[in-house]
Each structure stands twice: as C-alpha cells, then as structure tokens.
Amino acid sequence: MASETNRLHPLSGAMMALRRGFTGFSIPFFLTGVGSGILGIDADLTIDLLFVLSPLGFVVGVGYGLAYYYRFTYALTADTFDVTSGVLSRRAREIPYRRVQNVDVSQGIVQRLLGLAVVSIETAGGGSTEATLRFVGSDEADRIRSEIRRRTAAVDDASDATERSAATDSLSETADEDVVEPQRDNDAARGDRSTTLLFELEVGELLVYAATAFRWGAAVFPILLVTLFLDPDSGAGFLPDFVFETARSVGGPESIDGAPVDALLILAAVAALQWFVATYVASALYTIVNYYGFQLGRQGNDLLYERGLLQRYSGSIPTDKIQSVTITDNPLQRLVGYAGLWIETAGYGPESTGGNQSAVPMAAESRIYRFATALTGVDRPDFRGASPLARRRYLVRYSLLAVGVVALAFGASRVTGLERWYLAAVVVAAAPLAAHLKYVNIGYHVGDDHIVIRRGFWRRRTTVIPYYRVQTLSTRRSIFQRRLGLASLVVDTASSQTFTWSEPTIEDIDLETARTLHETCGERLQTALRERAGDDVGLSVEPGNRP
Amino acid sequence: MEALHPRIRLFWIAKGAIGAIALGVVLAAVDQWVTDVPTAAIAAVVLLGLGLGIAYAVQLYRVWQYEVQSDALYLERGVLTFVETSVPFVRVQHVDTQFGPIERALGLSSVVVYTAGSRNADVRIPGLTPDRARDLQDTLRKLAVESEADDGV
C-alpha cells in the first residue's frame, strides 16, 4: 500500500533551529569560561575568540536544527507506523499497529496558541515513549491518532476474521448479553468516527477531587516559592521570617541559636504545619489545572480522554490493551463517598506515572462501581478478608515500630535535654488502631473472569485483574508469615503501573487459601486463553451501559 | 520436582565469601586510617560472614526446586522469604542461558525466563549443567511457542 511521508510542522523546524542555534551560540562562552578560568588563557584573547566562535556556533546549531527537521520523517504505512530520524546517526523505527498501546496528545499554552501539539505513541516495551512527534499541527495530531486507530482496527480485522465467531461466544460468557452488543457494534463502529461520551467531570466532582487528593509531590512547591521569592538575608538561614513570627505567638524561639529544645520543637511543628497547608493548596491547584474539563468518550474500540486547563492532554486507549482497572480512594474520599477509577495499560503514560490513565478522576463511589462494571463486567465484589492472624501480626509490627519511636525520643532526651519524652508513648496507643485499619482494608474477591484485590488504608487501591491478563503468580512467605501459617499471593500483570505502584498482592491469607487461589488463578488463565482462542477482544464498553 | 546441581552451593558460598572478604577489607581499611579495630574482631566478622554464607547456601540449595508442569514453569526458592512462583508458558517472552565467571569455572549455567510482567519478576534458575540449561531453554521455547495464543500485552 502506498503511504505518504510526512514532516513535522514547519514551525517546529524553526523552533528546533533556534534552540540548537542558541545552544551552539552559548557553547563557546562556556568553553572560554573554562579556558580562562582553569587554563589561564588571556582575557583579551578569549573575547576575540568569542566574536568568531559564537556566531559560528550559532550557524552550526541552526544548520543542525534544520537538518534534524528535514531528516525527521514519519509515515503511516499499511501495517506499521514508521519514524526516521537522526542527522549523523540515522534511526529508522517501525512500530506495528498491533503493538501500539496508547496514543497521547499534549498541548502546552504556547503550543495551543500556535496550533501545535506533541504526539506520543506508546508500545509495551521499555520504559520510555517509543515515538514522539514534537510539534505537529493539532489537526494533524488528530488525524494521526484516528488513522492509527483505524489502521489498528483494519489489521485486527484481517487477522481475526476467522476467529470472530469463537470470540463472540466467549464474550457471551464473559457477562450478560449487553456485552455482546458492543462486539457487533464494534465491527460497525470500526469505520465509524463518532464519539460517545461516557463521562464528564462536573465542577463539583473536580472540587471534591482537588480538596481530597493530596499529592506529596506538591511539597516542593512551597520550597520553590520560598527560595525564589524571599530575600535570602531576611530569614534565619533556611527558615523565612514569617515562620518565626507565627511560631513566636505560640511560644517559639527568637532565633535558632541557643533556643531550648521545646521551643525548637514548637518552631518545627509550626513550620511543618505551614508547609503542609501550602502543599495542600498547591496540590489542589495542580489537580484543578490538570483535570479541568475532563472527558472520557468511546470511539469504536478505543477510549478517548481529554483534560487540562492550561496544558491540554488528550489521547486514546484501546480497550483491548487494558491490563487492569484500579479504583483508588483515601480516607477523606471514603468519608464523602467518592472514588477514582484508573485504567492501566502496558504502555508508558505522558506523565511518566506508568501506563495508568485516569478514566474517571473522581465521582460518587456508586457511579465508579457502575463504571467499573461496565468496563470489566465484574459485579460489585463480595470481599473476603485476610486471616485474623494477620491483625495480630500487624499489631506486633506497629507496636515494635512505636516502641522504636519512644526509644528514639528517650535517646534524644539524653542528648538534648528534651523534657517529657514519655509523651511519645502516645504512638503506642495508635498501634492497635493502625493494625486494625490495615487489616480491615485487605480484601479479595475471586470472580468468574476476574480477581479483585484491595489493599491499603491511606491510598486504598482496589484492582480488578482479568485472569487472562495474569503474567506470573507467586506465593510468598516470610519467616514471620511461616510461623503463623500465612502467605501472600502476588498477581503480576504486564501493566506498567507496577513500576510506580506496588504489584497487586493479597496479603496475609492462610497458606491453604493462598495455594488454592494460586492454582485457581492459573487454571482460570488457561481456561480464559482457550476461550478467547487467540482473539484479543479485551474489555468492552458500550454506550447503553453509560453510568 | 527437580533440585539444582549440588555444585551451586559452591557458587553461593563463593559469593558469600567474596562479600565477607570485602567486609574484612573495609574493616582493615578503617583500622588503618580511621580508628583501631582489633584484628581478632575483623577475623571474627569475616569468619561469621563465611559461616552465615555457608549456612545460607546449604539451606537455599535444600529449598530450591523447580518443575516443568503441564502449562507452567513452577519454582520454589528462598530462605528468609519462601517464594513459590508459576510462570505460564504463554507468558514467556524469551529465554536466555547465562553464566558468569564463577559459574563457568564451576561448569554451571543459568536459565533466565523473561515475561512481560514487572521488571523484577524475571525468573532465573541457577545451578544447571550447561546441557541441562540448553535442554530446558529448548523445552521452554517449544512450550512457549506451542501455547502462544495471545501475548497478553
């Protein structure tokens, strides 16, 4: 099949040339700086040299940037997406459509004004994006995405034509009849470009999300603000003045030097509290800016998402590449009855959070579960918990930790003259509560087609794994677990979220249960594979099931 | 269930010995340049390290077992944390045989099975004779090809 060869947007050629030119221009400054500083080359000579070398560097840089632009081509062929790049060393990369996990498009503010976009194409291999088109026109970005989608479907059709009937049979067993509907629908929809809206984040939901999602990553934001905008001489070293002022009103010290330990503790507490509040605000703003206008739609076999206030993200996730689906919630969100839903693929996401994409950032819990059901066919799970012995185990673990904290406080009191170190014993009282909370949040559900694993208290994750996505199964027993006859079952999938989150693990169940479960999962994987008979249909969503 | 080749114990003991000796060298360096460490203490630490290494190697050999089952490769291993893993043949991406310098000196080889799962889930069977390793690699490759239906990714 004939295919046209494309270049990036001309503007990106100009930008690349300018950027490289600037780099080329500045390198001589750096080199002469090093030269005069270390080698002691005469200053007049360096200035003369700069007059020659910098413009030369600029010209070479521009030339390189332009050459890079002209040598960078991409093409959509019948079976592969081809990218050829490189000026001195050339690279030609062919990505088979079948292997494409997700296609993501992002636009920064400046890029939106200029009508440009960055397209990233992900496959399952490696830890980085396989092809990045840095700046194509936004129309072209949409075209590439829908073309890849269309051609992926065409490749699938060609190879699946013979197995189609078998697949439909297996699907009817997957769930009730309305899941068979999208399959027929899919065949028709493959040519169909219309998008069905599945979810739209309302303002209330966005605000709940912003108010309840706490991102520790935002903790750098207050530090950045303080270092950038405060006069370094105004505070006492690393702490700005206003922290001292606030702390003084509750008994903080005048300055760090020579202050009693108790006053220093108050100062530390005040600083930490202010830092926490600033982090919370920054995290909420981040959430609003990133998830404003979130929409999830379905186009044929793909899920399409769109979000972002300043920087706009959009992309497509083929439903047949979905590895697992995870529902996340934290104590605050549980309190107000909200949760989030994430989709995991084996690709690598644009935010380098692994291949997990928010499908529904935040919605009422019942709605989330309806959505998860529509997406996976899993019924509302009926959780079984960990062995009661596990609670004892956690109690011992947290008690030891608490004793360690008290011992530390005692040690500190010897060295620094800290009084009332025994107040640290409060944490011992928290140990039973912590053990109980960890214990009650562990749960698993063995469904007909999926295993559901729930764990964690602060960031509780409920992961739905279809048996046919299981990669390896491991039963693990530490020496402590062996004493109590307990085991943990690790269900590994190809989802790249396991790089950032921990692998889905059912913790501390009876050894017998773990062994049985291990076997069951292995058998159901084989059954599912036989039923699917090589047809990679995957999870289905259909408009009738709109939650 | 199949056990590993008994010589693998020597390999693990050698690895432990290298660690213990390295620790001894560090302590000797501390003794030389930082503060006095009694020679007896250094010797005791090294000997203790060696002893632990030997005990660990013997115990690890005792628990290490693997089996080529009807649809999966099954392994049992681990001294502190005992792990039973099954790797379904369909999930095998590729199979390597590898050996390092010590393994080569001992006439041993490892088979490494790669899956598309998370990175640390790649499965290594050490302590095989080169023939057995090649044999196992062939078997696994054939089984992986036979059972290939869909790569799950």
Heavy-atom closest pair (B:Arg91 atom, A:Leu525 atom, distance to 0.1 Å) is NH2-CD1, 3.6 Å

Only one of B:Leu75, B:Val113, B:Val87 forms a side chain to side chain contact (heavy atoms under 4.5 Å, CB included) with A:Thr472, so which one is it? B:Val87

Heavy-atom distance under 4.5 Å to chain B: side chain of A:Val470, backbone, both or neither? backbone

Is there a side chain to side chain contact (heavy atoms under 4.5 Å, CB included) between B:Val83 and A:Arg477? Walk through the geometry before answering. CA-CA 6 Å; B:Val83 185; A:Arg477 282 183 292 154; over 6 Å; no

Steps toward side chain to side chain contact (heavy atoms under 4.5 Å, CB included) verdict (B:Glu84, A:Ser474): CA-CA 5 Å; B:Glu84 301 157 32; A:Ser474 295; over 6 Å; no

Crowded around B:Arg104 CZ? As in, over 12 foreign heavy atoms under 6.0 Å? no

If I take atom OG1 from residue B:Thr81 and atom CD from residue A:Gln481, how far apart are they, to the nearest 0.5 angstrom? 7.5 Å

Contact origin within B:Val92 toward chain A - heavy atom pairs under 4.5 Å: neither

Flag, side chain of A:Arg476 to backbone of B:Thr85, donor-acceptor distance under 3.5 Å: no

What part of A:Leu473 gets within 4.5 angstrom of chain B, counting heavy atoms only: side chain, backbone, both, or neither? both

When rounded to the nearest 0.5 Å, the distance separating CD of B:Glu76 from OG1 of A:Thr475 is 9.5 Å

Close side-chain approach of B:Pro88 to A:Gln526, heavy-atom, < 4.5 Å: yes

Counting only heavy atoms not in A:Asp448 (residues, nucleotides, ligands), do more than 12 fall under 6.0 Å from its CG? no

